[in-house]
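No experiment lies behind these values; they were computed from the predicted model shown. Only heavy atoms go into these numbers, but all of them, side chains included; no hydrogens, no water, no symmetry mates. In what follows, every chain begins at residue 1, and chains take the letters A, B, ... in the order their sequences are listed.
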Number of protein chains: 2
Amino acid sequence: MSDFDVFLADCPARTTLSLVGDSWSVVVIVGLGERPMRYTDLRTRIGGISKKMLTQTLRRLSANGLVSRRASAEYCLTPLGESLLVPVRTLARWAEEHTEELLAAQDGTG
Amino acid sequence: MSDFDVFLADCPARTTLSLVGDSWSVVVIVGLGERPMRYTDLRTRIGGISKKMLTQTLRRLSANGLVSRRASAEYCLTPLGESLLVPVRTLARWAEEHTEELLAAQDGTG
DNA sequence: CAGGATCCTCGAAGATACTG
DNA sequence: CAGTATCTTCGAGGATCCTG
């Protein structure tokens with residue numbers, strides 16, 4: 001038994017992860033990790049996200065205490081949200097560093 | 001400009017992330033991170049994944065050089081896959097540590 | 001045992017139009 | 001500007017049956 005049973009079968013962590021697993025959640029969190037932003041700024045900054053999806057994602061993140069809304073519809077990360085930024089950035093860095101390897105694997109052994 | 005533009009708009013990293021963003025990919029990687037496993041073992045270990053999804057996920061991960069298949073359908077992580085294990089475990093740990101906070105936020109401010 | 005093929009459902013997500 | 005509401009499409013993914 002490893003200590004990563006946390007991920008397998010029916011466990012709260014897997015449920016929790018489904019929150020972040022959402023692609024849009026990740027970009028929103030990274031976006032707001034850069035700086036607090038207003039709705040439209042965020043939407044422009046992210047690019048390719050519909051109003052519906054942005055609203056929806058922000059609501060879900062708010063409902064889970066990761067994002068909070070300030071005056072004039074400016075959104076920012078909560079302390080909890082900022083703590084999430086750490087692992088998410090780790091993942092981002094990995095993606096950045098290994099994109100070429102993935103591409104190489106794709107046309108090679110893929 | 002932060003260095004996390006990597007995540008925003010149309011960038012390779014976001015594409016790369018979509019590979020891992022998949023919920024099943026994460027659990028498969030964590031599962032194989034524990035130890036190499038055969039198809040059925042892995043399926044039992046994960047729990048709640050259909051044969052279709054497991055096959056599909058394993059193929060995609062293989063096609064991207066994250067997983068390799070050995071004799072008798074035993075699957076294991078490649079070095080690239082193992083490198084991904086690092087950020088994924090960071091995320092797993094976060095999920096583990098903050099599940100209660102998320103739940104608290106849900107029935108409180110949610 | 002380890003899949004492949006097929007059918008079907010259900011929800012994610014875009015498009016569009018409207019509102020305070 | 002910052003959403004809300006509705007309609008619709010599209011594909012992820014489960015169920016089931018078949019195969020080497």
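- Atom CZ in R43(B) sits about 11 Å away from atom C1' in dG3(C), given to the nearest Å.
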Determine, step by step, whether L102(B) and L80(A) satisfy the side-chain contact (heavy atoms from CB on, under 4.5 Å) criterion, reporting the C-alpha distance in whole Å, the side-chain angles of both residues, the deciding distance to 0.1 Å, and the verdict.
-> CA-CA 8 Å; L102(B) 284 169; L80(A) 185 58; 4.0 Å; yes
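- Between R38(B) and the phosphate of dG3(C), there is no side-chain N or O to OP1/OP2 separation shorter than 4.0 Å.
- Remark: P of dG11(C) and CZ of R60(A) are 15 Å apart, rounded to the nearest angstrom.
- Taking atom CD1 on I46(A) and atom P on dG14(C), their separation rounds to 12 Å, with Å as the unit.
- Backbone-only contact: R59(B) has heavy atoms under 4.0 Å from sugar-phosphate atoms and none from a base.
- Residue Y75(A) has a polar side-chain atom (N or O) positioned under 4.0 Å from OP1 or OP2 of dG3(D).
- The CH2-C1' distance, from W24(B) to dG13(D), rounds to 10 Å in whole Å.
- Set against dA2(D), dC7(D), dG3(C), the side chain of K51(B) has dG3(C) as its closest nucleotide.
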Go through the steps to decide whether V86(A) and W94(B) satisfy the test side-chain contact (heavy atoms from CB on, under 4.5 Å), and finish with yes or no.
-> CA-CA 9 Å; V86(A) 177; W94(B) 182 91; over 6 Å; no
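- For the pair K52(B) NZ and dG13(D) C1', the interatomic distance rounds to 5 Å; values are reported in whole Å.
- If you check dC1(D), dG3(D), dG3(C) against the side chain of T40(A), the one that comes closest is dC1(D).
- Contact check for P87(B) versus P87(A): no side-chain heavy atoms found under the 4.5 Å cut-off.
- In this structure, L58(B) places its CG atom 14 Å from C1' of dC1(C), rounding to the nearest Å.
- Atom CD in Q56(B) sits roughly 8 Å away from atom C1' in dG13(D) (whole-Å rounding).
- I49(A) places its CD1 atom 12 Å from the C1' atom of dA12(C), with the value rounded to the nearest Å.
- The closest donor-acceptor contact from the side chain of T78(B) to the backbone of L66(B) lies under 3.5 Å.
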